[in-house]
Participant: 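Mind looking over this structure? Questions follow.
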Amino acid sequence: MPSLSGVNENFPVSPPRAWAEIDLGALKRNLAVAREVCGGDGMMAVVKAGAYGHGLEEIAKALAAEDIAFFGVANVGEARRVRNAGVETRIYLLGATWAEEREEIVARNWTPCISSIVEAEHFNHLAAARGVRLKVHLAVDTGMGRGGFVAENLPEKLAQLERMEHLEIEGVGSHLPSADEDEEFTLRQFARFHAIIRDLGGESRFKWRHLSNSAGLLGYQQGCCNLSRPGLMLYGVSPLSGFQEKLVTVMSLKSRVTLVRTLPAGHGVSYGRQFVTTRPTRVATVGIGYGDGYPRQVSGKGADVWIRGRRLPILGRVTMDQLMVDVTGAEDVIEGDEVEIFGPHIPVAEIAEKADTIVWEIFTGITPRVTRCYHS
Ligand SMILES: *Cc1c(COP(=O)(O)O)cnc(C)c1O
């Protein structure tokens, strides 16, 4: 467990009540696992949504020297932030672009995926006006239903794109909707994607061929693909069971005990008084709540925190800035103690499950109030 003493120096004048310790060494180890699993294929490190709440600039800078083919981002604003951090790695926009974004994409030579002829024509026009040839990837919808050309008459569509002289069709990609839920469908999707590439002229036709997110990369043979797009696994969480042991926790969300008191039997704890003590109860108040992105939905679901080497249960509802923990019998717990909200001892996946959501949402929901502290 990273010690707080080193991290403290990063704190602003007033230490935050909730902070996230981010282990950049663990991030790199997870990248190495991704590389190993897919047999050395190219890597598109997905850093959208502030690198899943881990901090876009810091994560991009940490990975920039790691032979990353592309950083995958959601929009032009994120692409700019990567560039402004001084990172020169190529940038790929993971979804359809909207018209207002395209001029800048062309001007800065970022790489869009193309979902329609109209989008392609616009890019071609903008690239022509600048006298450049823009590298783009053909997006194909093999089941996600979110973007890409539907898989009909694809050779004809590709021929149309190839007539656009200011575009270079450098890659082909698709996306997996249920690689962590439906193996049978996903296997068919891989087969379908491979057949599509064959029908479009074979592997040699595209420098980059990509389908896999983390679950696709961990759970499936990559076949004719040569680029993977891991997100979640880089941040230390496996979407598939059986692989978690290979990965290392990157983010530890922490807070501190701000108050310890003993409440008598029959005393309510937190809003709604959903929890009422049945015996004298030693209660620690901790300085984190849903205003920091800790999900209120775990209230009453038996979520634990970690203090002084013990799992201890949250009592009653999570409030905006504070939550209460039963420290009866944990007499050594005192005000000022560090609390692991999730991290190496309390898996974030456990919190996501109790909140009836997914780890992606927990990570991206951590609010700006939570100071991110980096170490390697
Ligand atoms: C977000 C995203 C990924 C990464 O998915 P993970 O499940 O986090 O690995 C890959 N590809 C696309 C198109 C995405 O939008």
Side-chain angles (χ1 to χ4, degrees), residues 27 30-38 41-54 56 59-60 63 68-79 82 90-97 110-115 119 136-149 171-183 185-186 189-190 193 208-220 222 225-244 246-247 249-251 348-349 352 357-366:
L27 175 79
N30 295 330
L31 174 68
V33 173
R35 279 224 161 86
E36 195 185 303
V37 173
C38 70
D41 283 351
M43 278 293 148
M44 179 186 301
V46 177
V47 296
K48 64 192 179 193
Y52 293 38
H54 290 63
L56 180 52
I59 298 297
L63 293 179
I68 299 293
F70 297 91
F71 280 120
V73 301
N75 57 41
V76 157
E78 291 178 349
V82 172
R90 289 185 64 186
I91 290 175
Y92 182 90
L93 290 121
L94 289 157
T97 58
W110 294 332
T111 307
C113 60
I114 300 291
S115 287
E119 195 184 5
V136 303
H137 290 209
L138 171 68
V140 182
D141 192 343
T142 56
M144 178 68 186
R146 185 174 73 177
F149 285 89
V172 59
S174 189
H175 193 38
L176 301 167
S178 42
D180 52 352
E181 290 173 37
D182 187 342
E183 184 177 356
F185 178 83
T186 305
Q189 225 191 330
F190 267 96
F193 189 58
W208 295 114
R209 307 170 295 276
H210 49 103
L211 179 58
S212 282
N213 51 9
S214 298
L217 192 164
L218 288 167
Y220 299 82
Q222 301 307 302
C225 294
N226 67 348
L227 179 69
S228 294
R229 306 186 309 257
L232 192 69
M233 72 174 291
L234 298 180
Y235 308 104
V237 179
S238 172
L240 292 179
S241 57
F243 294 95
Q244 190 54 51
K246 286 179 181 278
L247 303 175
T249 300
V250 175
M251 182 194 287
V348 62
T357 183
I358 55 176
V359 173
W360 294 262
E361 192 182 42
I362 299 292
F363 277 155
T364 56
I366 307 290

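Read the numbers this way: they start at 1 and go in the same order the structure lists the ligands and their atoms.
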Participant: Tell me if the centroids of the rings in H210 and Y92 come within less than 6.0 Å of each other.
Facilitator: yes
Participant: List the steps and the verdict of side chain to side chain contact (heavy atoms under 4.5 Å, CB included) for E78 and V47.
Facilitator: CA-CA 9 Å; E78 291 178 349; V47 296; over 6 Å; no
Participant: When you look at CD of E361, are more than 12 heavy atoms from neighbouring residues, nucleotides or ligands closer to it than 6.0 Å?
Facilitator: no
Participant: What does the list of residues with a heavy atom under 4.0 Å from ligand 1 look like, ordered by chain and number?
Facilitator: V46, K48, Y52, L94, R146, H175, N213, S214, R229, P230, G231, L232, W360
Participant: How would you list, by chain and number, every residue that makes a salt bridge (charged side-chain N to carboxylate O under 4.0 Å, His left out) with R229, sequence neighbours excluded?
Facilitator: none
Participant: Going by the rule ring pair (Phe, Tyr, Trp, His ring centres under 6.0 Å), which residues pair with F363 if we only count those two or more places apart in sequence or in a different chain?
Facilitator: H54
Participant: For a quick test of your reading: what N or O donor-acceptor pairs under 3.5 Å do the side chains of residues 231-242 make, sequence neighbours left out?
Facilitator:
{"from": "Y235", "atom 1": "OH", "to": "V46", "atom 2": "O", "distance (Å)": "2.8"}
{"from": "S238", "atom 1": "OG", "to": "L240", "atom 2": "N", "distance (Å)": "3.1"}
{"from": "S238", "atom 1": "OG", "to": "L240", "atom 2": "O", "distance (Å)": "2.5"}

